[in-house]
> 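After the structure tokens below, expect a handful of questions from me.
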Protein chains: 2
Amino acid sequence: MTTLTRKQREVRDREAQILEVARNMLLEQGYHGLSMDRIAEALEYSKGTMYQHFSCKEEIILALVNASLTDRLVIFRKAASYPSRPRERIAAVGVGVELFVRLYPHHFKLEQVLRLSSVWEKTSPERRQFMHHCESQCVGCVSGIVRDAIAQGDLTLPEGVTPEQLVFGLWSMSFGAQTILASSTSLVDIGIGDPHRALAQNQARLLDGYGWRPLSSEFDYEALSERIAREYFAKETEQAMKLAQKANRNSA
Amino acid sequence: MTTLTRKQREVRDREAQILEVARNMLLEQGYHGLSMDRIAEALEYSKGTMYQHFSCKEEIILALVNASLTDRLVIFRKAASYPSRPRERIAAVGVGVELFVRLYPHHFKLEQVLRLSSVWEKTSPERRQFMHHCESQCVGCVSGIVRDAIAQGDLTLPEGVTPEQLVFGLWSMSFGAQTILASSTSLVDIGIGDPHRALAQNQARLLDGYGWRPLSSEFDYEALSERIAREYFAKETEQAMKLAQKANRNSA
DNA sequence: CCGTATTTTGACAAGTCGTCATTTTTCAAT
DNA sequence: ATTGAAAAATGACGACTTGTCAAAATACGG
């Protein structure tokens, strides 16, 4: 397996370096702050070499997004395998998403850039496909849980409503909230003190609205989430903690 | 009132022309397709003149967004004044948003661009403030309805849940769905045939989840929405129809 | 008709991206 | 070691940005 020549290893490492530098540039200086010249300068390579790794800067952005999306899928799969009633497995997905957001605080900013048509259109079919794969697998994880709930009699969807429609509800709410969060300075002004909590509660209420049992009033939702985070996602939670501490230290 | 010199009128008209040209450019060629040079060329003015109207292209984008946002606020206010039970007034807001989306199909694409930090940061405080004003007024409209519902006994929010939190739920879901819609080619692949309908139903279920009466099962939600669109928003609906026809003609 | 005030202009500086002919490096075969 | 062909790295270049500003064109009151 490890039959990579020194050259090949060098190339692979450099790719990682490019992504690392690009991520920081994007984070610190936004989309316009990302420039091929400056990445090359930072790594002490020429611009031409950069273009041997990525055909344009949009490809770098998509590569970054795909990297976090890969990890998100791992989290989704683990959450969907949480050995419990479907309603609790959905809660585990919610916990997973929150952990993901904490582990990749930049992800939604990048995804936002990527969704611009003039950025998206420059990306390669290969990377696009990979992204779509990750996305549809994530949707599939959740709709699988929905189907299990129906099979077990915990949930009955009305005529004409598909599991995917319900998943779309959770997805759009989560995506919307995270995007607003990532790009809005002042959510507190409007009266939302703890947006993550608000999101979790709203999602729970959406499921309640579909009559998915047990209803959020029938069990301690917060306690469950906390337990899932602490026990089932122990490793990820710890990692997120460390990252938060590091961020604190840097800002201090 | 009409004490504008010919010169002043010229200037005002030109501003409208700039926005018109810029909107089409953005729509047809995306963010990267918008260039000051090309706007100037299209209007047969020099670039310098453009910069007398807008200090940068980001300002143009925000001006466009503010224009549609102004109309959105009008729609929200009208919807909130729908003379009926709060639950139906909320439905009217939903109808209003859908009409808005149809009247300004470009709005969410532009808002998406605007939310990029590197775009937002270049805009002027005056225009930012105007946008925030529109947004908080819209949120205020909806939270007013929520408060009315509580006062009338149709809705009881649990301890620690504010009306704004519920509004955040509706907002994030709507925003998320519209953004996904505006930037995703293939929602059908995932199994969402009619996203607008799916959104409306999910929002209704969210309110059901909070126990806001009458529940969506207790009245014909679709019929109500249709009636509101046809009767209460007659003018706007007709306008949207015309726009759709025009779009069809153009694509044919 | 004149002189000032305002508006318009487009050449310019500084900065992008992506290309591609040259140069440099690598490495297997001698 | 030496060679020479293949692969990789380079950076000057063309074509594009945005935003500025001295100079030219225009407007307009007296």
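Just so it is clear: chains get the letters A, B, ... in the order the sequence lines come, proteins before strands, and each one is counted from 1.
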> Hey, can you pull the donor-acceptor pairs under 3.5 Å for the side chains in residues 18-30 of chain A, sequence neighbours left out?
{"from": "A:Glu20", "atom 1": "OE1", "to": "A:Arg23", "atom 2": "NH2", "distance (Å)": "2.6"}
{"from": "A:Gln29", "atom 1": "OE1", "to": "A:Arg38", "atom 2": "NH2", "distance (Å)": "3.3"}

> When you look at B:His106 and B:Tyr104, which way does the side-chain contact (heavy atoms from CB on, under 4.5 Å) test go after all the steps?
CA-CA 5 Å; B:His106 59 277; B:Tyr104 298 92; 3.7 Å; yes

> Considering all heavy atoms of both residues, which atom of B:Asn66 and which atom of B:Arg127 are nearest to each other, and what is their separation?
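In terms of heavy atoms, the two residues are closest at ND2-O, 3.3 Å.
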
> Give, ordered by number, those residues of residues 34-48 of chain A having at least one heavy-atom distance below 4.0 Å to an atom of DNA chain D; if nothing qualifies, reply none.
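Result for residues 34-48 of chain A: A:Tyr45, A:Ser46, A:Gly48, sorted by number.
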
> So which pairs with a foot in residues 135-144 of chain B pass side-chain hydrogen bond (donor to acceptor under 3.5 Å, both in side chains), sequence neighbours left out?
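Those involving residues 135-144 of chain B are B:Arg77-B:Gln137.
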
> I need the minimum non-hydrogen distance between A:Phe54 and A:Met36, along with the two atoms involved.
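Closest heavy-atom pair between A:Phe54 and A:Met36: O-CE, 4.0 Å.
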
> Name every donor-acceptor pair, under 3.5 Å, that has one atom in a side chain of residues 190-200 of chain B and the other anywhere in the protein, sequence neighbours excluded.
{"from": "B:Asp194", "atom 1": "OD1", "to": "B:His196", "atom 2": "N", "distance (Å)": "3.4"}
{"from": "B:Asp194", "atom 1": "OD1", "to": "B:Arg197", "atom 2": "N", "distance (Å)": "3.2"}
{"from": "B:Arg197", "atom 1": "NH1", "to": "B:Glu222", "atom 2": "OE2", "distance (Å)": "2.6"}

> Write down the distance between NE2 (B:His32) and C1' (C:dT16), rounded to a whole number of angstrom.
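Answer to the nearest Å: 10 Å.
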
> Which residues in residues 112-127 of chain B have a heavy atom closer than 4.0 Å to any atom of DNA chain C?
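DNA chain C contact set from residues 112-127 of chain B: none.
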
> Can you spot which of A:Thr70, A:Val65, A:Leu69 makes a side chain to side chain contact (heavy atoms under 4.5 Å, CB included) with A:Phe130?
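It is A:Thr70; the other options fail the test.
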
> Run the side-chain contact (heavy atoms from CB on, under 4.5 Å) test on A:Lys122 and A:Ser55 for me, step by step, so that the C-alpha distance in whole Å, both residues' side-chain angles and the decisive distance to 0.1 Å come before the verdict.
CA-CA 9 Å; A:Lys122 290 180 135 193; A:Ser55 65; over 6 Å; no

> Are A:Gln112 and A:Thr179 linked by a side-chain donor-acceptor pair shorter than 3.5 Å?
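Absent: no donor and acceptor within the cut-off.
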
> Do the side-chain N and O atoms of B:Ser174 and B:Gln203 include a donor-acceptor pair separated by under 3.5 angstrom?
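Side-chain D/A pair, B:Ser174 to B:Gln203: absent.
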
> Got a sec? Which of residues 50-66 of chain B come in under 4.0 Å of DNA chain C, heavy atoms?
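Going residue by residue through residues 50-66 of chain B, the ones with a heavy atom under 4.0 Å of DNA chain C turn out to be B:Gln52.
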
